[in-house]
Visitor: 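So that we are looking at the same thing, I have put the structure below in structure tokens.
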Amino acid sequence: MDNLLNNLNNQQREAVMYNDGPSLIIAGAGSGKTRVLTYKIAYLLQQGVPSYHILALTFTNKAAKEMKERIGQIVGARAARYLWMGTFHSVFARILRVESEKIGYTSNYTIMDASDSKNLVKTIIKEFQLDDKIYKPGQVQGIISSAKNALISPQMYAQNKDLIEHDMRSKRPMVKEIYTQYNNRLHASNAMDFDDLLFHTNRLFRDHPDVLAEYQKRFQFILVDEYQDTNFAQYLVIKQLADAHHRVCVVGDDAQSIYSFRGANIDNILKFKEIYPEAKVFKLEQNYRSTQNIVNAANSLIKQNREQIRKTVFSENNEGEKLDVVSAYSDFEEGVIVANKILDIRRDRKSSYSDFVILYRTNAQSRVFEESLRKKNIPYRIYGGLSFYQRKEIKDVIAYFRMVVNPSDEEAFKRIINFPARGIGATTLSKIIGTAKLHNVSLWKIISNPLDYNLDVNAGTAKKLAGFKEIIASFIEELPTQSAYDLASSIVKQSGIARDAYQDMTPEGMSRQENLHEFCETRKEEGNENIGLIDFLSEVSLLTDQDTDKSADAERLTMMTVHASKGLEFKNVFIVGLEEDLFPSAMAKNEMRGLEEERRLFYVAITRAKEFCMLTYAKSRFRNGQVNMCNPSRFFKDIDTKYLNVGGGLSTAVNNIMTNKAAETEKQRPYYERTVQEARSSQVSNANMVNSRFAKPKVGAAGVQGAMGVEAGNRIKHERFGIGIVVSVEGDLNNRKATVSFENAGTKQLLLKFARFEIIN
DNA sequence: GCACAGTCCCGTCTG
DNA sequence: GGGACTGTGC
């Protein structure tokens with residue numbers, strides 16, 4: 001351990017060794033923050049603090065897992081065994097499991113994800129017969145979520161003049177009723193949404209001082225990572241826990257606060273000293289990651305923000321290269337430029353593909369890069385987009401698990417009552433829901449005793465419902481004796497999910513089978529084999545893609561949003577799409593706070609780079625189905641030009657960037673004709689990319705003829721229907737149709753404009 | 001009840 | 001461009 005302390009610089013060491021009171025560790029980008037946290041915990045353990053007295057809250061489950069492993073290596077797995085370490089959500093879900101009855105739940109409560117929440121909101125809006133063009137489910141859910149993050153209950157909401165006024169102004173006076181009903185329904189379902197995990201923990205501690213005291217006693221030392229991204233509910237729960245002893249250490253970087261849209265409040269870190277005046281502040285300012293040029297460029301950028309804790313991040317690494325700035329005529333050309341540069345760097349510096357990352361503001365931007373990379377046979381991998389756990393087949397299985405664990409779960413019920421199809425449609429479902437509301441019981445109760453509740457269905461339907469009930473009931477019986485893994489596989493088999501999936505031999509179906517397999521198998525490998533279904537489900541409900549990645553494997557380039565890149569580092573970073581209304585986003589630019597957050601986001605992006613960083617923008621971009629002209633991002637002006645390198649032949653363009661006039665002044669020929677054509681032909685090769693998250697880039701995908709050129713006799717491979725022979729083609733250019741006889745999917749008519757297939761001979 | 005075609009609307013980030 | 005929803009024909 002002494003040796004380990006020697007591995008730290010002075011500031012790091014001081015931060016590690018101070019544990020007598022509150023402390024704030026301001027950790028600049030690349031300053032060894034994780035190392036400090038890890039050593040601090042190891043140090044505490046080494047000083048004889050029992051592991052169960054330490055609570056450490058991290059941003060992702062993965063971060064917790066890695067840190068725990070590392071600590072185990074330092075002090076021995078035994079000493080680290082009972083550390084409480086995880087995300088806010090997972091730690092408090094665990095506490096609520098134990099204390100559920102004090103807040104009116106039972107311990108088998110289930111956790112709904114964001115899309116379930118949205119569905120429930122949508123259902124309620126329908127039931128209230130409100131116009132969903134005014135009451136947009138996503139927006140209403142957002143309002144509810146923000147309220148919960150601010151610890152505003154439905155009652156408080158209804159009494160809050162500002163909120164009510166705001167709703168009146170936006171012509172949505174019923175939001176408060178929706179919120180009330182939404183919470184009632186959750187409660188009746190014995191279910192919580194993500195925000196509830198924090199809300200109810202706060203309520204638990206507020207209303208049960210004895211419980212609070214117990215946890216205060218248990219958690220003698222509290223550490224919070226990424227404190228700049230905590231919201232009010234998280235802040236308050238920490239404050240309550242730390243009130244007894246003030247031994248709370250928060251770590252973060254205000255310059256990297258990028259989650260205000262989900263309620264994160266940068267004031268938590270900015271005002272920590274006001275809450276704990278006796279707090280010691282440690283600043284980690286030496287950046288070990290990046291070259292001086294990169295650090296300096298990032299510093300000059302972030303200086304433009306008003307709200308921040310002043311600090312001087314510096315690097316003693318090489319001076320390094322300036323940041324490249326490149327403009328492209330179109331998003332398409334941007335893709336080509338980036339792909340070429342990647343090949344150049346890889347060749348000249350013998351970099352491996354895994355040393356590269358392309359960072360963008362929105363997931364939609366990944367598409368163009370997929371195409372340009374595939375054309376050059378550059379292997380890549382995309383993070384984000386549709387999460388593994390959001391896939392239909394996975395959500396279906398999870399819904400079964402939820403029903404078995406907690407049959408009151410309304411959203412799970414609705415999801416699987418007719419999956420796999422068993423002839424129970426919307427009419428029957430609405431009868432069940434109506435009857436349930438009438439008697440104020442769960443849907444499950446209704447189908448368990450349809451006669452008691454006078455459920456009005458015909459004999460055939462009644463039989464189908466009874467069949468469904470039997471299946472679920474038989475799983476419930478096995479719940480106490482079977483491990484999650486065994487139960488899961490019998491659920492997948494006996495519910496008919498397996499039959500349904502394995503009948504489908506289309507590429508899509510195959511990918512579904514793989515996902516199901518992966519879901520069951522990898523959970524088995526990673527988890528405790530004897531874990532029960534309740535714990536398994538609780539864990540799985542709080543996982544994200546970030547937690548399950550197996551990135552280390554391959555020789556591949558990475559693409560992700562800037563948000564997703566937080567905490568990572570790469571030798572070579574490409575930040576693309578630096579245009580007004582994209583980065584900064586159109587939605588953020590009207591408010592100072594929004595704009596400052598976008599700037600911090602850009603700061604996060606630049607500081608991912610160790611050696612090389614390229615910034616690109618396009619003058620025209622295909623967005624929302626049409627081509628738009630764009631102006632370069634105002635953020636170019638924020639970086640001191642002495643750290644920028646403006647590529648050959650582009651000096652005028654960059655002059656214009658600096659005055660932010662490029663697109664207005666330049667009379668440019670539309671580039672999009674070519675773009676659209678290219679996009680159309682490469683769409684064909686996209687057919688292979690059914691599942692792009694783990695998709696392997698296809699070798700030699702180019703060279704496919706356009707789909708429009710298909711003729712009778714061609715063999716084709718369709719994204720959904722698989723292999724088939726073209727029988728005939730008819731219709732004029734715009735409405736060309738092909739009749740295709742598929743090996744496994746019968747004969748289909750395809751409208752060539754839309755059809756996704758590839759000609760294979 | 002289901003599959004398919006057509007229409008509308010949207011568009012950031014996420015535990 | 002595409003997901004969510006609606007309408008239509010079996």
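Chain A is the first sequence line, chain B the second, and so forth, proteins listed ahead of strands; every chain is numbered from 1. What you are looking at is a predicted structure, and each value in this text was computed from that prediction instead of being measured.
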Visitor: Could A:Asp193 and A:Lys148 be called an ion pair, given the rule that one side-chain N must be under 4.0 Å from one carboxylate O?
Guide: yes
Visitor: Tell me the interatomic distance from A:Met560, atom CE, to B:dT12, atom P, rounded to whole angstroms.
Guide: 18 Å
Visitor: Taking A:Glu370 first and then A:Arg374, would you say they form a salt bridge - that is, a charged N and a carboxylate O separated by under 4.0 Å?
Guide: yes
Visitor: Closer to the 5' end of DNA chain B via nearest nucleotide, is it A:Ala114 or A:Gly425?
Guide: A:Gly425
Visitor: Over all strands shown, is A:Ser90 touching base, sugar-phosphate only, or nothing at heavy-atom distances under 4.0 angstrom?
Guide: nothing
Visitor: Check the distance between B:dG11's C1' and A:Asp331's CG and give it to me in whole angstrom.
Guide: 15 Å
Visitor: Could you state the CD-P distance from A:Glu598 to B:dT12, rounded to the nearest angstrom?
Guide: 12 Å
Visitor: Check nucleotides 3-10 of chain C for protein N or O atoms closer than 3.5 Å to its own N or O atoms and list the pairs.
Guide:
unit_1: C:dC5; atom_1: OP1; unit_2: A:Lys122; atom_2: NZ; d: 2.4

Visitor: Could you check whether A:Arg402 pairs with A:Glu411 (Lys NZ or Arg NE/NH1/NH2 to Asp/Glu carboxylate O, under 4.0 Å)?
Guide: no
Visitor: With a 4.0 Å cut-off on heavy atoms, is A:Asp195 in touch with a base, just the backbone sugar-phosphate, or nothing at all?
Guide: base
Visitor: Would you kindly give the CD1-to-C1' distance between A:Ile111 and B:dG15, to the nearest whole Å?
Guide: 10 Å
Visitor: Would you kindly give the OH-to-C1' distance between A:Tyr360 and B:dT12, to the nearest whole Å?
Guide: 13 Å
Visitor: Map A:Gln141 and A:Ser585 onto DNA chain B by nearest heavy atom, then report which one ends up closer to the 5' terminus.
Guide: A:Ser585
Visitor: Can you tell me the distance, in whole Å, between the CZ atom of A:Arg621 and the P atom of B:dG11?
Guide: 18 Å
Visitor: Protein-nucleotides 8-10 of chain B N/O pairs closer than 3.5 Å?
Guide:
unit_1: B:dC10; atom_1: OP1; unit_2: A:Lys136; atom_2: NZ; d: 2.8

Visitor: Does the separation of the ring centres of A:His200 and A:Phe92 fall below 6.0 angstrom?
Guide: no
Visitor: Quickly, which of A:Arg634, A:Arg621, A:Arg361 forms a salt bridge (Lys or Arg N to Asp or Glu O under 4.0 Å) with A:Glu580? Name it, please.
Guide: A:Arg634
Visitor: Going by salt bridge (Lys or Arg N to Asp or Glu O under 4.0 Å), A:Arg415 matches just one of A:Asp396, A:Asp409, A:Asp116. Which one?
Guide: A:Asp396
Visitor: Could you tell me the separation between the CD atom of A:Gln256 and the C1' atom of B:dT14, rounded to a whole number of Å?
Guide: 17 Å
Visitor: To the nearest angstrom, how far is A:Gln365 atom CD from B:dT12 atom P?
Guide: 10 Å
